[in-house]
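Below is one structure, written out as structure tokens; comments come after it.
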Amino acid sequence: MADLSVKIGSLTLKNPVIAASGCFGYGLEYASAVDVSALGGVAVKGLFLNEREGHAPPRIVETPAGMLNAIGLQGIGVHRFVREKLPELRRLGVTTIVNVCGSTIDEYCEVTRVLSDAEGVGAIELNISCPNIKEGGIQFGCSLTGTYDVVSAVRKVTSLPLVPKLTPNVTDPASFARASEDAGADAISLVNTFLAMAIDVETRKPKLTNLMGGLSGPAIRPIAVRMVWECRQAVKLPIIGMGGIATVTDVLEFIIAGADAVQVGTANFVYPTLWADMIDGIDKYLDRHGIARVADLVGKMER
Amino acid sequence: MADLSVKIGSLTLKNPVIAASGCFGYGLEYASAVDVSALGGVAVKGLFLNEREGHAPPRIVETPAGMLNAIGLQGIGVHRFVREKLPELRRLGVTTIVNVCGSTIDEYCEVTRVLSDAEGVGAIELNISCPNIKEGGIQFGCSLTGTYDVVSAVRKVTSLPLVPKLTPNVTDPASFARASEDAGADAISLVNTFLAMAIDVETRKPKLTNLMGGLSGPAIRPIAVRMVWECRQAVKLPIIGMGGIATVTDVLEFIIAGADAVQVGTANFVYPTLWADMIDGIDKYLDRHGIARVADLVGKMER
Amino acid sequence: MPVDIPAAVIGNTRLTPEYNVLSLAAPGVAEHAAPGQFVMVKTAPGLDPLLRRPFSIFEILRDASGAPVGISLLNKRVGVGTSLLYDARDGDRIDCLGPLGKPFEPVDPPAEAWMVAGGVGLAPFATLAQALAARGTSMTLFYGGRSAADLFHESFFTGLGATLVITTDDGSRGERGRVTRPLERALAARAATLPVTMYACGPTPMMRAVADLAATHARPTFVSLEPVMGCGMGGCYSCVVRVTRPGGTHFVRSCIEGPVFDAASVVWDALKGGHH
Amino acid sequence: MPVDIPAAVIGNTRLTPEYNVLSLAAPGVAEHAAPGQFVMVKTAPGLDPLLRRPFSIFEILRDASGAPVGISLLNKRVGVGTSLLYDARDGDRIDCLGPLGKPFEPVDPPAEAWMVAGGVGLAPFATLAQALAARGTSMTLFYGGRSAADLFHESFFTGLGATLVITTDDGSRGERGRVTRPLERALAARAATLPVTMYACGPTPMMRAVADLAATHARPTFVSLEPVMGCGMGGCYSCVVRVTRPGGTHFVRSCIEGPVFDAASVVWDALKGGHH
Ligand SMILES: Cc1cc2nc3c(=O)[nH]c(=O)nc-3n(C[C@H](O)[C@H](O)[C@H](O)COP(=O)(O)OP(=O)(O)OC[C@H]3O[C@@H](n4cnc5c(N)ncnc54)[C@H](O)[C@@H]3O)c2cc1C
Ligand SMILES: Cc1cc2nc3c(=O)[nH]c(=O)nc-3n(C[C@H](O)[C@H](O)[C@H](O)COP(=O)(O)OP(=O)(O)OC[C@H]3O[C@@H](n4cnc5c(N)ncnc54)[C@H](O)[C@@H]3O)c2cc1C
Ligand SMILES: Cc1cc2nc3c(=O)[nH]c(=O)nc-3n(C[C@H](O)[C@H](O)[C@H](O)COP(=O)(O)O)c2cc1C
Ligand SMILES: Cc1cc2nc3c(=O)[nH]c(=O)nc-3n(C[C@H](O)[C@H](O)[C@H](O)COP(=O)(O)O)c2cc1C
Ligand code: FES
Ligand code: FES
């Protein structure tokens, strides 16, 4: 039995496998099928200060080995989350990571403040990379100064582990990792989805009502692995890697590329009960290779 | 029978379906299995001034609905191409587009000059986007001034249709389309491959000898379609779209997004005899929708 | 308490070139299934297609002792995944997650149950009819198809005591035209004092028409909607339907708050994206 | 003149839990196939896995009149695609592109032909043996496997008059150890005036050992290499092997300049990437 624990700032995860934001509801939806407390963590659906409707359906479309989504961050807002979901997550023993959204720097700060005052939040994942909404998110995530500004502003209002989530839709993700590090982040997570679109050739209309959506799933994995590796070369911060992870092998690939922990999104839609085998598989691999702690595998790619 | 012809600068293609560079050898390899003259065009493997060895194998690795390649632009050099391949391509009636590489602006110009003096070259596709080689290519393709400089320099030495091939590995491909337009390009083509990597978790080594490679195939199609659409909004130039095209439906999707013509790469490896059905399928679609010319479908997405 | 079972195909009856009934060995799903619930099915191993597809649980299969051993799906081929299920062969493994979603609530006598099915919309009614029969609720199935060849399992329903009202688009069986025509006449003919609960599943325009009739005639009515679903578990927020709730209209996840909805609560103008 | 044929599976004989012989209806491929050529096979419809896999043409299948109607593959499961081919069932459609590549050139008497096969490396030798038998060339098959259970089709070769020399890693059949051991003894025992041409296919270390012996004993030798191949048609430059050519060493595409190479020309140190 290897040591699977992972440190993300002051937070210790039981193991490196986290449910990705937007792909696991508020976590509670899965409690009937999965022991959600056994996960390294659960990153809940992105939250603004107030409730949001999200985009009109259709909101997803399947693509080769992937999918597009334009959910538009439908959500119950941070106050209802703290009231209605957090107590139950706490009761279940879930390591809860809250994905924080905002239209302005003030909103990011305010949402984070509310969460910092609540009980049971393990970390803040700053969503500055959602490709599906006009205001907020990506406008910060695609600019180095925007990233720096929002991360350092939020840094001032919380002592919770702060994890900006980076977009892959930039020339050089590593520079955004550095900007995050400079601004005081405790870790970074990447990748969010790739901006993409699909058109129905019979109607000549976009398949998503929102026109564009974010590409996720196994299709993007090789690009995500590359970006994690590049960020690993650029910063010392813990990295939470994701993008197309569906099997233990995929998890290990990200860890070897430089991820301290990983998130699983799209694959959870297909195999919602994959978690136990995945965590167990990491343990088996480490034992088989005589590696005592998962932390010892991080970034250990050889040339 | 609809009008399938397409104009790329002064060059008229019989139809919009072109074999993508690096995915169809020098065209002649396929002459035993395919009527290569029936294609809209053949973009031959990237050529430098001199012969190149390319990278040590393994050079490809399969990924979900895609593949990585790090061929490293193995090639016979422009002089041998003109001597050994071009006459036969001309004899077969192939519309030949030459993918031009260079380590320096001078080399791009020199290769282009040689091709401009030869007989039978239909257009120059400027490869400023190969992710697999250190010198040249991507160093121009990832910088707006680099793109502008190389395109305008080559523009001065040729009157052949000049088509810079853009990389998807940038935040805003449309700005590169504009830089190309400003520099005097006749058209643009996109996308080249996405920089990516894959690691063998048992050996902990990269699966490609070259560490990184370019992701192509159906996996990337939704991102490529998005980029073509963005470029269509940004420039008036003809656009040659590509990235994951495998079926007639995919061709039509790119055309509706804004591509005047398309290229097919990876799918040719899987179905090398796909061409006739694909071209025929465009014709049938246009007839069925009462569209007289394929040019009338370009960019006709509705909201 | 959904379970994910690598179910083996134990039968595939092709009814027409479009429709088949696929039988799956899935005891854990069968055991807990309630009428109108669905399963998320992986139509092929591997990544193509990537996502599961939602299917109503058509029949509960039982062994000689009556113990639930599996389920069947009434499948209509409309694309990649449904074609794969049409072609499935005995022994194929098909991952099957369920049972999922809010079931129909079968009404008790003296109320009557009127089921309205359009095409493959018949699927959720076999289990509902059994539940109604068990309660002694008298029931009518209004069943519309394109033609005689597209109508299935009628004797199953009549065997449970249901009255059948058939329509076909081409008039090859029953009344020619929409299934809502005889329904409308029946509603008009029925005294307001005699309670009726309606259940509808089929193409969206059909369900909407039923909802309109329900409103006109003030009859409680439940529809089973079929939006695109990414996960079936409430994880992705892809399957939302706009419904009226206290305080306004909201997008709610039809995989966990549906697929069965009170027809009066559905904001029909906002419905999009299904293939019906 | 390769053709791409949607071949139907017409037989699948599972020899061991690892090896099977898959028979495909592919007349257009069978008709033009020469010994040592290969086909590119789409192991499943759809995009997973995406690329085709290269396989030697094992047997040419003929109808009662002797007309070529198909081919068989000797398949060893090592990953996704080969597992799919192991599990294939009659009637499955498997796209099959070929024949491809440079064939073996069968040598004429008085020269002898010595074939050296390791494991699944037996595949290209069935057709070669037939061509050699037709010329009256006397032949020996040095055939090494892990154990007795991993040796196949011996009677096919003896039936054509070939002498068999068997080795197994575990000694369960023939001599225990490497197939190159008896080969080395035979080479040493044979007078230099008696010509021999060698043909080898198997794990890279085995082929390399054969090439070393060939050099020591100055015997013309051909090896059939198995690098990763993306297209099989010369389109992608993925399959390169470093060989000595006038003017130096070069990466050449093994799908069109091979898979059969003069063993003396191969730069063995540069070989990587196959699974053998
Ligand atoms: C709760 C529920 C129960 C259902 N029960 C049945 C049933 O019992 N029998 C049956 O045959 N069908 C049923 N459906 C519809 C079935 O899920 C779709 O027909 C199927 O997903 C289409 O998959 P495909 O791969 O064949 O189509 P695709 O190739 O993916 O697409 C073909 C067409 O189908 C539409 N479509 C794709 N995915 C879905 C989806 N998840 N839901 C609805 N439409 C979709 C697309 O918009 C497209 O127009 C049900 C749907 C839901 C939501
Ligand atoms: C000319 C030629 C003839 C061949 N003839 C036969 C034959 O008759 N019978 C037979 O069983 N095998 C043969 N092979 C090898 C066969 O192609 C590979 O075993 C097969 O491609 C592996 O596919 P997979 O999906 O099962 O493996 P994957 O899941 O893709 O990978 C498993 C392992 O196989 C290796 N591999 C993957 N693709 C190839 C490839 N294209 N070539 C070689 N190794 C690969 C990988 O490096 C990996 O280690 C031949 C190869 C060549 C080049
Ligand atoms: C339906 C859907 C909804 C998502 N919602 C969010 C979100 O609210 N916040 C966020 O940061 N990322 C969101 N993501 C992105 C995922 O968290 C993850 O970064 C991405 O999907 C890549 O991982 P995957 O390939 O494992 O899905 C969403 C992804 C999907 C598919
Ligand atoms: C094996 C391989 C080699 C390639 N070589 C070149 C090249 O020499 N020059 C170039 O501009 N693009 C090259 N490309 C990129 C393709 O031309 C094309 O832009 C890319 O593969 C996306 O299209 P696809 O998804 O249809 O393959 C190569 C792609 C592959 C897969
Ligand atoms: S299908 Fe994912 S939330 Fe309903
Ligand atoms: S396999 Fe593509 S060039 Fe040989």
Side-chain angles (χ1 to χ4, degrees), chain A residues 19-34 42 44-46 51-76 205 207-209 213 216-219 221 244 246-247 264-274, chain C residues 1-6 28 32 40-54 79-81 95-100 225-242 245 247-257 267 269-275:
Chain A
S21 177
C23 303
F24 208 68
Y26 296 108
L28 305 173
E29 291 85 343
Y30 286 85
S32 68
V34 174
V42 168
V44 300
K45 178 76 194 157
E51 290 193 35
R52 269 178 75 96
E53 283 244 294
H55 297 312
R59 291 176 167 188
I60 63 167
V61 48
E62 195 177 38
T63 67
M67 62 179 282
L68 306 186
N69 88 79
I71 307 299
L73 289 167
Q74 175 171 354
I76 58 174
K205 290 193 174 153
K207 288 186 177 174
L208 295 170
T209 306
S216 64
R221 196 173 63 232
T247 67
V264 179
T266 303
N268 171 64
F269 299 154
V270 188
Y271 295 109
T273 60
L274 57 72
Chain C
M1 174 67 208
V3 291
D4 190 9
I5 292 189
H32 298 104
M40 290 295 285
V41 161
K42 186 82 176 74
T43 58
L47 304 175
D48 187 14
L50 179 67
L51 299 174
R52 296 195 185 213
R53 303 289 193 262
V80 188
D95 292 323
C96 189
L97 172 75
L100 300 167
L225 302 179
E226 300 197 353
V228 171
M229 288 185 175
C231 73
M233 296 278 294
C236 72
Y237 280 85
S238 67
C239 60
V240 294
V241 169
R242 191 178 279 287
R245 288 284 152 92
T249 71
H250 295 280
F251 280 134
V252 304
R253 288 167 286 181
S254 60
C255 62
I256 54 175
E257 301 209 24
V267 181
D269 281 336
L271 262 194
K272 269 210 264 182
H275 67 285

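All chains are named by letter (A, B, ...) in the order of the sequence lines, taking the proteins before the strands, and each is independently numbered beginning at 1.
- When C/Asp48, C/Asp4, C/Val240 are compared by the number of non-hydrogen pairs under 4.5 Å with chain A, C/Val240 comes out ahead.
- Heavy atoms of C/Met40 lying under 4.5 Å from chain A are absent altogether.
- Both the backbone and the side chain of C/Leu51 come within less than 4.5 Å of a heavy atom in chain A.
- Using a 4.5 Å cut-off on side-chain heavy atoms (C-beta onward), A/Tyr30 and C/Cys231 make contact.
- Here the side chains of C/Pro2 and A/Ser32 are in contact, with some heavy-atom distance below 4.5 Å.
- Residues C/His250 and A/Gln74 are not in side-chain contact: their nearest non-hydrogen atoms beyond the backbone lie 4.5 Å or more apart.
- At a threshold of 4.5 Å between non-hydrogen side-chain atoms, the residues C/Leu97 and A/Pro272 count as touching.
- In this structure, the separation between CG on A/Asn268 and CE on C/Met233 is 7.5 Å, given to the nearest 0.5 Å.
- Of the possible polar contacts, one joining the A/Arg59 side chain to the C/Tyr237 backbone as a donor-acceptor pair under 3.5 Å is found.
- Using a 4.5 Å heavy-atom threshold, the side chains of A/Tyr271 and C/Lys42 count as touching.
- Summarising the geometry, atom OG belonging to C/Ser238 is positioned 11.0 Å from atom CG belonging to A/Leu208; distances are rounded to the nearest 0.5 Å.
- Counting only distance, with no hydrogens or angles, the side chain of A/Glu62 and the backbone of C/Leu50 share a donor-acceptor pair below 3.5 Å.
- The shortest non-hydrogen separation linking C/Gly230 to A/Phe269 is O-CB, 3.5 Å.
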